[in-house]
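All values below were derived from every heavy atom in this structure, side-chain atoms included, with hydrogens, water molecules and symmetry-related copies excluded. Remember, it's a predicted structure, so these values are computed and weren't measured experimentally. Counting starts at 1 for both ligands and their atoms, in listed order.
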Amino acid sequence: MRRVLVTGSGRGIGKAIALQLAAAGFDIAVHCRSDRASAEAVVTQVRQLGKQAWLLQFDVANRAAAKAALEQDIAEHGAYYGVVCNAGITRDGAFPALTEADWDSVIHTNLDGFYNVLHPAVMPMIQLRSGGRIVTIASVSGIAGNRGQVNYSASKAGLIGATKALALELAKRKITVNCVAPGLIDTDMVQELVQEELMKMIPLRRAGTADEVAATVAFLFSEPAAYITRQVISVNGGLV
Ligand code: NDP
């Protein structure tokens with residue numbers, strides 16, 4: 001049994017990742033913050049694919065809550081073979097208008113979430129002694145920066161640095177650590193952005209799909225991807 005935790009997997013990109021990894025043979029710890037009904041539906045879909053599924057609910061920005069929930073899940077069901085740090089938020093605005101709350105919530109969720117989720121999960125992964133996979137979901141904003149997203153770009157650039165450093169630490173354990181950086185993907189997060197004007201900036205002239213991001217994550221979880229670590233793979237239609 002190979003268990004994989006996918007944070008924020010009740011909807012959007014995380015849901016697509018959970019279902020593709022289940023189809024590839026992994027058992028899935030589905031995770032949500034608030035939308036429990038959607039996450040329960042994903043648990044059902046994973047089970048319909050013949051794999052085991054569990055539901056975890058906590059705010060990745062809440063260190064104590066994340067630690068308690070993850071330690072309990074690991075104690076009851078065993079260590080994760082893999083973790084996908086997908087949960088994330090945007091609070092966009094031109095920098096002068098960015099509030100302290102906009103800054104703090106994005107950094108706490110997108111960057112602190114890396115520590116809050118992976119710190120309780122990594123030592124049990126190492127002790128499993130079966131290698132493993134960690135994938136973080138960053139963004140083209142973390143690679144190139146994006147106007148109106150100073151907070152989000154900072155959080156995702158930090159996530160990329162953390163991912164590369166952790167890859168170095170875990171390489172001798174045969175745990176690969178990579179980052180997938182999506183461009184504009186058609187999910188709830190960007191509903192109001194998917195407009196014709198913006199499409200003209202994307203060489204492939206369309207938004208990507210959650211399944212297209214998930215396919216890259218699923219590849220990183222496959223055996224042929226075992227030699228790929230410390231990389232950022234961007235799925236962005238040629239945007240950057
Ligand atoms: P959605 O808004 O569709 O879904 C976000 C998911 O993250 C939800 O499952 C949500 O849970 C969860 N989540 C948000 N905040 C928290 C929190 N504090 N604690 C726990 N879970 C939380 O987003 P996408 O699917 O579009 O995005 C997924 C990832 O991909 C994010 O990291 C995002 O930054 C990144 N990304 C997305 C792009 C896009 O164009 N869509 C582009 C580049 C990167 P719940 O439903 O329970 O609230």
Side-chain angles (χ1 to χ4, degrees), residues 5-20 28-43 55-67 69-70 83-92 101 104-118 135-146 148-149 151-160 162-163 179-195 198-199 201-202 204 206-214 216-217 232-237 239-240:
L5 167 68
V6 185
T7 65
S9 45
R11 58 195 169 94
I13 293 170
K15 174 182 176 181
I17 292 169
L19 294 178
Q20 286 200 26
I28 308 293
V30 177
H31 162 264
C32 67
R33 171 191 47 178
S34 49
D35 188 357
R36 194 176 176 92
S38 297
E40 279 171 352
V42 176
V43 166
L55 178 56
L56 280 76
Q57 184 170 9
F58 60 85
D59 182 344
V60 298
N62 183 331
R63 186 161 299 154
K67 187 172 190 293
L70 292 168
V83 178
V84 182
C85 291
N86 165 78
I89 58 167
T90 52
R91 294 287 179 272
D92 295 354
D104 289 344
S105 59
V106 167
I107 299 293
H108 289 155
T109 302
N110 299 358
L111 184 54
D112 293 355
F114 174 95
Y115 178 88
N116 297 345
V117 169
L118 287 176
V135 176
T136 59
I137 306 298
S139 166
V140 289
S141 302
I143 298 172
N146 193 19
Q149 292 195 317
N151 52 353
Y152 185 72
S153 302
S155 72
K156 295 297 190 177
L159 190 61
I160 289 170
T163 303
C179 184
V180 171
L184 187 69
I185 307 299
D186 192 2
T187 68
D188 295 345
M189 184 177 270
V190 298
Q191 273 305 299
E192 70 278 13
L193 291 177
V194 182
Q195 320 148 346
L198 199 57
M199 293 307 125
M201 294 167 59
I202 303 171
L204 284 178
R206 66 172 177 87
T209 67
D211 270 330
E212 288 171 327
V213 178
T216 301
V217 177
V232 180
I233 302 176
S234 198
V235 181
N236 65 41
L239 186 61
V240 296

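- With a 4.0 Å cut-off on non-hydrogen atoms, K15 does not touch ligand 1 at all.
- Note that CD1 of I107 is 10.5 Å distant from CG of L159, once rounded to the nearest 0.5 Å.
- T187 OG1, 2.4 Å is the protein heavy atom nearest to atom 26 (O) of ligand 1.
- Across the listed options I185, V140, I13, I13 owns the non-hydrogen atom lying nearest to atom 37 (C) of ligand 1.
- The heavy-atom pair separating I89 from R33 by the smallest distance is CG2-NH1, 4.4 Å.
- The number of heavy atoms from other shown groups lying within 6.0 Å of NZ (K15) does not exceed 12.
- In A138, the part holding a heavy atom less than 4.0 Å from any atom of ligand 1 is the backbone.
- Nearest-residue assignment for atom 13 (N) of ligand 1 (options G113, G142, A87; heavy-atom criterion): A87.
- Listed here is the closest heavy atom pair of T7 and N86: OG1-N, 2.8 Å.
- Minimum interatomic distance between I13 and A210 (heavy atoms only, all atoms of both residues): CA-CB, 3.8 Å.
- Interface of L184 with ligand 1, defined as ligand atoms under 4.0 Å from a residue heavy atom, comprises 40 (O).
- Listed by atom number, the atoms of ligand 1 under 4.0 Å from H31 heavy atoms are 20 (C), 21 (N).
- Of the protein's non-hydrogen atoms, the one nearest atom 42 (C) of ligand 1 is G183 O, 2.8 Å.
- Within the 4.0 Å heavy-atom criterion, the part of K156 lying near ligand 1 is the side chain and not the backbone.
- The shortest N/O to N/O separation between S34 and ligand 1 falls below 3.5 Å.
- At a heavy-atom cutoff of 4.0 Å, ligand 1 is contacted by the side chain of Y152 but not by its backbone.
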**OP:** Take T187 and R11 through the side-chain contact (heavy atoms from CB on, under 4.5 Å) test and state the conclusion after the steps.
**Re:** CA-CA 8 Å; T187 68; R11 58 195 169 94; over 6 Å; no
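- Among protein heavy atoms, atom 11 (O) of ligand 1 sits closest to R33 N, 3.8 Å.
- The distance criterion of under 3.5 Å between nitrogen or oxygen atoms is met by R11 with respect to ligand 1.
- Counting heavy atoms closer than 4.0 Å to ligand 1, residue V60 contributes atoms from both its backbone and its side chain.
- Under 4.0 Å from ligand 1, heavy atoms of D59 appear from its side chain as well as its backbone.
- Checked by distance only, ligand 1 and D35 come closer than 3.5 Å through their nitrogen or oxygen atoms.
- Heavy-atom minimum distance, P182 versus A138: CD-O, 3.3 Å.
- The protein heavy atom nearest to atom 43 (C) of ligand 1 is P182 O, 3.4 Å.
- Nearest non-hydrogen protein atom to atom 5 (C) of ligand 1 is G88 O, 3.9 Å.
- Per-residue contacts place C32 under 4.0 angstrom from the following atoms of ligand 1 (heavy atoms of the residue considered): 47 (O).
- Closest of all the heavy-atom pairs between K156 and S139 is CG-CB, 3.9 Å.
- Protein heavy atom at the shortest distance from atom 32 (O) of ligand 1 is N86 O, 2.6 Å.
- The closest side-chain heavy-atom distance from I185 to V190 is not below 4.5 Å.
- Side chains of T109 and V60 form a contact here, defined as non-hydrogen atoms less than 4.5 Å apart.
- Partners of N236 by side chain to side chain donor-acceptor pair (under 3.5 Å), not counting sequence neighbours, listed by chain and number: S234.
- Using a 4.5 Å cut-off on side-chain heavy atoms (C-beta onward), R63 and K67 make no contact.
- In this structure, the side chains of I28 and V42 stay at 4.5 Å or more apart for every pair of heavy atoms.
- Close contacts of ligand 1 with F58, meaning ligand atoms under 4.0 Å from a residue heavy atom, involve 19 (N), 20 (C).
- Ranking protein heavy atoms by distance to atom 30 (O) of ligand 1, first place goes to I137 CG2, 3.4 Å.
- Atom numbering of ligand 1 starts at 1 in the shown order; those under 4.0 Å from a heavy atom of I89 are 14 (C), 15 (N).
- F58 is linked by a ring-ring contact (aromatic ring centres under 6.0 Å, His included) to H31, counting only residues two or more places apart in sequence or in another chain.
- Ligand 1 has a nitrogen or oxygen under 3.5 angstrom from a nitrogen or oxygen of G8.
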